[in-house]
Amino acid sequence: MNPFIHELIAHYNQWITIFLMVSGLYIVIAKDNMVKKLVGLSLFQTSVYLLYISPGKILGGTPPIMDPKFSVYSNPLPHVLILTAIVVGVATLALGLALVVRINEAYGTIEEDEIFARGEEE
Amino acid sequence: MKMDLILRITTKLLIPFMLLFALYVQFHGDYGPGGGFQAGVITAAMVILYALIFGLKAAQRVVPVSVVQFMVPLGVLVYTGVGVYTMFKGGEFLNYNLLGHDRVHAQEWGILLVEIGVYITVSGTMTAIFYMFAGRGR
Amino acid sequence: MEALINMVLLTLLAIVTIGVIRMKNLFAVVILSGIYSFLMASVFIVLDAVDVAMTEASVGAGISTVLLLGTLYLTKSEETEPLHKPYVALFLAAVTAGALIYGTLGLPPFGAPDAPIHLHVANRYIENWKEETGVPNVVTSVLASYRGFDTLGETAVIFTAGIGVLLLLKGRKSPGAETPDMQAEAVAARAAAREAEAEADAEDNLS
């Protein structure tokens with residue numbers, strides 16, 4: 001097999017994870033809208049979930065719920081770590097959105113550049 | 001949304017099953033996928049669905065704000081309470097083996113109690129956050 | 001077969017992400033992020049993480065979407081064009097991606113049973129479940145028993161975030177907040193900033 005295709009199949013999960021990660025990074029840096037920034041932040045977060053779950057998979061394995069019919073199980077440890085991370089992620093997202101709502105009430109806008117412009121004016 | 005007959009009746013039919021599914025996920029978490037986090041979120045989703053269709057006021061009559069806010073710290077207290085109880089029994093913090101007469105039973109008791117703590121906090125927090133966002137008004 | 005389904009779902013994820021970056025209407029962005037979460041949950045099922053898939057579907061696609069829509073209802077649903085060109089961000093993202101992809105070349109291939117991650121503590125959980133906890137779902141037993149301290153800390157984080165949201169949003173709005181005047185002021189300030197930028201550019205070009 002062509003060595004590039006071999007590498008592609010072996011590392012496709014990681015490459016997509018990296019793409020999602022830098023997309024989140026790009027949104028957080030480049031966009032001024034705060035809701036969009038938070039969506040970007042959660043894209044970044046979700047890519048980290050994928051980063052943890054992918055290496056835990058064993059091809060031909062089953063979910064780690066014990067049963068005498070199976071012998072090969074995927075690694076349960078990343079699942080535990082990410083399970084808690086997801087719920088913490090939504091809690092922090094809610095906190096960020098609450099801040100956005102308050103900023104909108106104080107400044108009348110959720111665009112970062114408009115807020116900075118008002119700050120310079122005063 | 002007051003006049004939408006189909007949505008209102010379907011919601012009324014769905015809600016008991018959503019609660020039942022949440023409880024199934026909670027108590028069957030030892031044998032299948034699920035646990036306190038998922039069950040808490042499903043319960044919160046049930047309250048959110050009710051609020052979306054029947055209005056926030058109706059939802060807050062069924063699940064009052066004060067109860068939800070009480071649940072937020074209660075779950076953490078249940079969790080730490082299990083840990084402190086095992087300390088009083090003479091072991092370490094969260095050493096479940098002291099909760100029953102043999103190891104497997106004790107572990108199952110510990111996991112059950114701790115998951116109930118997680119369930120209370122997660123469902124309470126998610127519902128409280130939704131109430132805050134929905135009640136803010138324009 | 002597993003690997004193929006996995007690759008297709010991951011490609012769809014990448015496409016949805018491009019949509020999220022390019023869309024200007026925030027409602028569309030929120031709905032796309034819900035689709036993203038459902039796709040991610042499907043990927044988790046293929047990767048044998050059933051508990052995680054269930055959580056991601058209910059939290060990511062359910063609660064997050066509701067909260068984002070609630071925020072849009074309280075604020076605005078259209079994104080304006082940023083003042084600055086995104087070249088710096090694009091450059092940073094490209095450099096980060098390049099460095100990370102170079103790093104992946106040394107990692108074990110996808111799905112290999114002899115990767116270092118599988119040779120460590122996970123085997124103990126899988127082999128001793130019967131004597132040590134008696135709970136067949138290893139994820140639950142690790143979550144609540146072996147790593148009970150982690151879960152306690154994380155419950156405390158949720159509690160803290162809940163208290164934070166209650167502190168920020170409970171009670172009445174301060175009077176005079178978010179009047180049409182203020183929005184007009186914001187737009188005017190933005191226009192002024194744009195003009196200043198254009199002038200600065202023109203001066204740069206002259207000199």
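Nothing here was measured: the structure is a model prediction, and the numbers come from that model. A, B, ... follow the sequence lines: proteins, then strands. Residue 1 opens every chain.
No other option in Ile29(A), Leu99(A), Asn33(A) has as many heavy-atom pairs under 4.5 Å with chain C as Asn33(A). When the candidates Gly162(C), Ala14(C), Gly153(C) are compared by the number of heavy-atom contacts under 4.5 Å with chain A, Ala14(C) comes out ahead. Most heavy-atom pairs under 4.5 Å with chain C: of the set Ile110(A), Leu81(A), Ile53(A), Val28(A), this distinction falls to Ile53(A). Interface check for chain C: of the options Val101(A), Thr17(A), Leu20(A), the most heavy-atom pairs under 4.5 Å are formed by Leu20(A). Highest contact tally toward chain C, considering only Ile27(A), Thr46(A), Ile115(A), Leu38(A), is held by Thr46(A) [criterion: heavy-atom pairs under 4.5 Å]. Per-residue heavy-atom pair counts under 4.5 Å with chain A were compared for Ala122(C), Ala161(C), Ala49(C), and the maximum is reached by Ala49(C). No other option in Pro63(A), Ser74(A), Ala85(A) has as many heavy-atom pairs under 4.5 Å with chain C as Pro63(A). In terms of non-hydrogen atom pairs under 4.5 Å with chain C, the most contact-rich of Lys31(A), Lys36(A), Gln14(A) is Lys36(A).
Ring pair Phe110(C)/Tyr12(A): centre-to-centre distance not below 6.0 Å.
From Leu26(C), atom CG reaches atom CG of Leu32(C) across 11.5 Å, with rounding to the nearest 0.5 Å. Taken from CD1 in Ile63(C) to CG in Leu68(C), the straight-line distance is 11.5 Å, to the nearest 0.5 Å. The structure places CG of Leu39(C) at 9.5 Å from CG of Leu10(C), a figure rounded to the nearest 0.5 Å. Put simply, OG on Ser23(A) and CZ on Phe44(A) are 10.5 Å apart, with the number rounded to the nearest 0.5 Å.
Interface remark: Leu107(C) contributes backbone and side-chain atoms alike to the contact with chain A (heavy atom separation under 4.5 Å). Residue contact with chain C, scored on non-hydrogen atoms closer than 4.5 Å, involves the side chain of Leu93(A) exclusively. Of the two parts of Val43(C), only the side chain, counted from C-beta on, holds a non-hydrogen atom closer than 4.5 Å to a non-hydrogen atom of chain A. Heavy atoms of Leu95(A) lying under 4.5 Å from chain C belong to its backbone as well as its side chain. When heavy atoms are compared at a cutoff of 4.5 Å, Thr62(A) approaches chain C solely by way of its backbone atoms N, CA, C and O. Using a 4.5 Å cut-off between heavy atoms, His79(A) touches chain C through backbone and side chain atoms alike. Proximity to chain A (any heavy atom under 4.5 Å) is shown, for Thr160(C), by neither the backbone nor the side chain. With a 4.5 angstrom heavy-atom cutoff, Tyr49(A) touches chain C via backbone and side-chain atoms both. Both the backbone and the side chain of Thr104(C) come within less than 4.5 Å of a heavy atom in chain A. Leu97(A) touches chain C through backbone and side chain together, each having a heavy atom under 4.5 Å away. Proximity to chain A (any heavy atom under 4.5 Å) is shown, for Leu13(C), by both the backbone and the side chain. The parts of Leu50(A) that come within reach of chain C are both its backbone and its side chain, each placing non-hydrogen atoms under 4.5 angstrom from that chain. Using a 4.5 Å cut-off between heavy atoms, Leu25(A) contacts chain C through its side chain alone, with no backbone atom that close. For Met21(A), the part sitting under 4.5 Å from any heavy atom of chain C is the side chain, from C-beta outward, and nothing else. Heavy-atom distances place the backbone of Val46(C), and not its side chain, under 4.5 Å from chain A.
Closest of all the heavy-atom pairs between Leu168(C) and Ala98(A) is CD1-CB, 3.8 Å. Smallest separation of non-hydrogen atoms from Ser64(C) and Val90(A): OG-CG2, 3.5 Å. Contact detail for Phe38(C) and Ala61(C): the closest heavy-atom pair is CE1-CB, 3.5 Å. Minimum interatomic distance between Asn104(A) and Thr109(A) (heavy atoms only, all atoms of both residues): OD1-N, 3.4 Å. The minimum heavy-atom distance between Pro108(C) and Pro116(C), with the atom names listed, is CG-CD, 4.0 Å.
For the 3.5 Å distance criterion, the side chains of Trp129(C) and Ser141(C) fail to qualify, holding no donor opposite an acceptor. Side-chain atoms of Asn13(A) and Ser54(A) include a donor-acceptor pair closer than 3.5 Å.
A salt bridge links Lys37(A) to Glu112(A): at least one charged side-chain nitrogen sits closer than 4.0 Å to a carboxylate oxygen. Ion pairing between Glu132(C) and Arg124(C) holds under the 4.0 Å rule for side-chain N and carboxylate O.
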